[in-house]
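Below: one structure, written as structure tokens.
Order of appearance sets the numbers: ligands from 1, and atoms from 1 within every ligand.
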Amino acid sequence: MKLEITRESYEAMLGAALKAAPLEACGLCAGNDGAVTRFYELTNADASSEHFTMLPEEQFAAVKDMRANGTKMLAVWHSHPETPARLSAEDLRLAYMPDTVYLILSLAVNDKPDLKGFTVNDGQSQPVEIIIA
Ligand SMILES: [Zn+2]
């Protein structure tokens, strides 16, 4: 499986991650046919460097906007300010949507942001190829 992400959406993710660091940032990615065309930056209600919770009202507003624009939610995104772009045990536990890509942008290595994607089924993760186009 692969996921395309527009450069503009990728830049928006990177901006959100850098702005929130050392806390985790979170957001949703929308588009069609396996191509992300819009990134929604959401507030991490946990204000934590190790986990995140999306504000429900912002999540609802983003999904409503996707519907209004004829797009679908393709990915759930968050940043790892200090750890690699891997799903943590908690990320795996909370990844309950089998058709959604879980994206993690790691800032662990200075000047080398690392974006990785995974799908999760029954607690097992599979890598997703990410193409920034
Ligand atoms: Zn995480």
Among Y102, F39, Y10, Y40, find the residue that satisfies the ring-ring contact (aromatic ring centres under 6.0 Å, His included) test when tested with W77. F39
Check for a donor-acceptor pair, side chain of N44 on one end and backbone N or O of T53 on the other, with a separation under 3.5 Å. yes
Does the side chain of T119 pick up a donor-acceptor pair with the side chain of Q126 at under 3.5 Å?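 Short answer, no.
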Of the N, O or S atoms in D91, the one nearest the Zn ion (ligand 1):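 Minimum-distance N/O/S atom of D91 relative to the Zn ion (ligand 1) is OD2.
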Could you check which N/O/S atom of H78 is closest to the Zn ion (ligand 1)? NE2
Inter-residue atom distance L94.CG - S88.OG, 0.5 Å rounding: 8.0 Å
Is the Zn ion (ligand 1) less than 2.8 Å from an N/O/S atom of H80, whether that atom is in the backbone or a side chain? yes
